[in-house]
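Every chain is numbered from 1, with letters handed out A, B, ... down the list of sequences.
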There are 2 protein chains.
Amino acid sequence: MGAIHSDTAALIRKLESIAPLAPDEKAALLRLPLRLKTVAADQDIVCEGDTPSECCLIVEGFACRYSLTAEGKRQILSFHISGDIPDLQSLHLDVMDHSLGTLVPSKLAFIQHDDLRSLMRNQPRLGDLFWRDTLIDAAVFRQWLVGIGRREAYGRIAHLLCELLVRLRAVELVEDHAFNLPVTQAELGDALGISTVHVNRVLQELRGENLISLSGSSLKVLDWEGLQEAGEFDATYLHLVKKEAL
Amino acid sequence: MGAIHSDTAALIRKLESIAPLAPDEKAALLRLPLRLKTVAADQDIVCEGDTPSECCLIVEGFACRYSLTAEGKRQILSFHISGDIPDLQSLHLDVMDHSLGTLVPSKLAFIQHDDLRSLMRNQPRLGDLFWRDTLIDAAVFRQWLVGIGRREAYGRIAHLLCELLVRLRAVELVEDHAFNLPVTQAELGDALGISTVHVNRVLQELRGENLISLSGSSLKVLDWEGLQEAGEFDATYLHLVKKEAL
DNA sequence: CGGTATCTTGAATTCGGTCAATAGTTGTGG
DNA sequence: CCACAACTATTGACCGAATTCAAGATACCG
């Protein structure tokens, strides 16, 4: 229930990856009241049609946004990791037009809209920063559009893996080009608009070419240059502060 | 060069479609300095890699955002109409991660970032409204993701036509379920991730079922209910003020 | 140690793509 | 007002990436 500073740390780390933070801004963030909650895997956090009065910060875990079509097909719209606030948009869009759910057991922190609003009133630069965050969100959607619309499965998967590597690295969840990818092949397919079977085959291709190794949920990028080429990946669209090489 | 009130009117009309505007907010918008420009069809307004210092309001015309892949394939990311500011994001994302271009001869009005910033400082509610606009933008991207990822060509086209009808109607550019669609079949294909040839065939299907009629660039929706069903269309994601029927 | 979820593999199928050629349209200049 | 040029729409034949269906093989979990 009570908020501990270490939970806000995930948010601060994430925000610092997309813009510098002043000390008083950090302090203001740390004062943000959080309602902590631990949820199991595959649980909905917010559903299409809901009108939330709080936002959800992912402290630890993995989540995704998704929509379902009439025929019951699922399209995953984005993946979210530690530090993300996937439903930040609910601040200005009353009704959810998609759902948000966990992929693994996760630690969440809910923040009241009102608290966010007064935070942004007192720290306008933080308001701009949150806006920026939602804009980067949109940039990711655009990139996915290009992938799904114009790249074939091979490049799509490569691109997604590149994106996850860079985003996870930005919040220090990558070590030696390896990270935890708790996503089934079916979920990858739902994200990339391809079938599970095909995801499987393409992953084998990527492994066969020694671009990645994948055992269980731990993924290691063996050939970062090669994987970027395969996915035509250019991290510019993530608008990170550090444009670190490698 | 000089700005005339009637140009800002397009913006006001659009903003009022997504939230109510107070009189003093309208007045502040009308005071916004505009740099007018008329451009021909198929001209780039802003290019990937640019770092604009102004935003582009579309007064009249039709524009689209797009990206090109290494193999030269184009993915159109969104269409934009009178009242839209397609590159509003450049306020907070310095580098363009995609391009913006006209589809037909268009009347544009450029607004300095600085002018927008001071406007939003004086009228915080307008700042929120612009933020909301970029969030709706993102909602449209998400909807396109669902379409391209999980719907087949038939539903995709139907959905896009529904979206355009509703958005154009919101800015009073639809009369009797008919509107001007100055988009070639090749461009539709680039937007929907399908080939020109297939766009052609699907359009014929839609005509064959008397859902639409299309002659030249003027499109008329003959069966609005049917078209919505065909595209599984639900306008909620556009977050318009008026949830008008029909 | 079963039971369920996930991953693999193969074969047949299909939606949509590519190639290529034929109509229509539109715009321009003479 | 006509003719050419250039773009856009339409059609047909063939192809191929990815899907679907179906069946095993592994892995994970209580």
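At whole-Å resolution of the value, CD in A:Glu71 and C1' in D:dT19 are 15 Å apart. If you measure from atom CG of A:Asn200 to atom P of D:dA18, you get 14 Å, rounded to the nearest angstrom. Between the CG atom of A:Leu214 and the C1' atom of C:dT8 there is a distance of 13 Å, given to the nearest Å. Between B:Arg150 atom CZ and C:dC15 atom C1' there is a gap of 15 Å when expressed in whole angstrom units. Per the geometry, CD1 belonging to A:Ile194 stands 15 Å off C1' belonging to D:dT20, to the nearest Å. Taking atom CG on A:Asp190 and atom C1' on C:dT6, their separation rounds to 14 Å, with Å as the unit. Nucleotide D:dA9 holds its C1' atom 15 Å from the CG atom of B:Leu219, rounded to whole Å. Atoms CD1 (A:Ile157) and P (D:dA17) sit 15 Å apart, rounded to a whole Å.
The side chain of A:Lys73 approaches D:dT20 more closely than any other nucleotide in the set D:dT20, D:dA18, C:dT18. Of the candidates D:dT10, C:dT9, D:dT20, D:dT10 carries the atom nearest the B:Gln204 side chain, counting heavy atoms from C-beta on. Considering only side-chain atoms of A:Arg201, the nucleotide from C:dA11, C:dG16, D:dA18 that sits closest is C:dA11. Listed nucleotides D:dG12, C:dA11, C:dC7 differ in distance to A:Thr184; the shortest reach to its side chain belongs to C:dC7. Residue B:Gln185 has its side chain nearest to D:dT10 when only C:dG17, D:dA18, D:dT10 are considered. Among the nucleotides C:dC19, C:dG16, D:dA18, the one closest to any side-chain atom of A:His198 is D:dA18.
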Taking it one step at a time, do A:Ser217 and A:Asn180 satisfy side chain to side chain donor-acceptor pair (under 3.5 Å)? CA-CA 6 Å; A:Ser217 71; A:Asn180 184 40; 2.7 Å; yes
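Phosphate proximity of C:dT8 to A:Arg207: present, with a side-chain N or O under 4.0 Å from OP1 or OP2.
Nearest heavy-atom pair, A:Ile58 versus A:Pro86, reported as atom, atom and distance to 0.1 Å: CD1-CG, 3.7 Å.
When heavy atoms are screened at a 4.0 angstrom cut-off, B:Gly189 is found touching no nucleic acid atom at all. Counting non-hydrogen atoms under 4.0 angstrom, A:Arg151 reaches nothing in the nucleic acid.
Note on B:Lys73 versus B:Asp190: no salt bridge recorded, every NZ/NE/NH1/NH2 to OD/OE distance being 4.0 Å or above.
In summary, the aromatic rings of B:Phe141 and A:His98 are positioned with their centroids too far apart to meet the 6.0 Å limit. Ring centroids of A:His80 and A:Tyr66 are separated by 6.0 Å or more, keeping the two rings apart.
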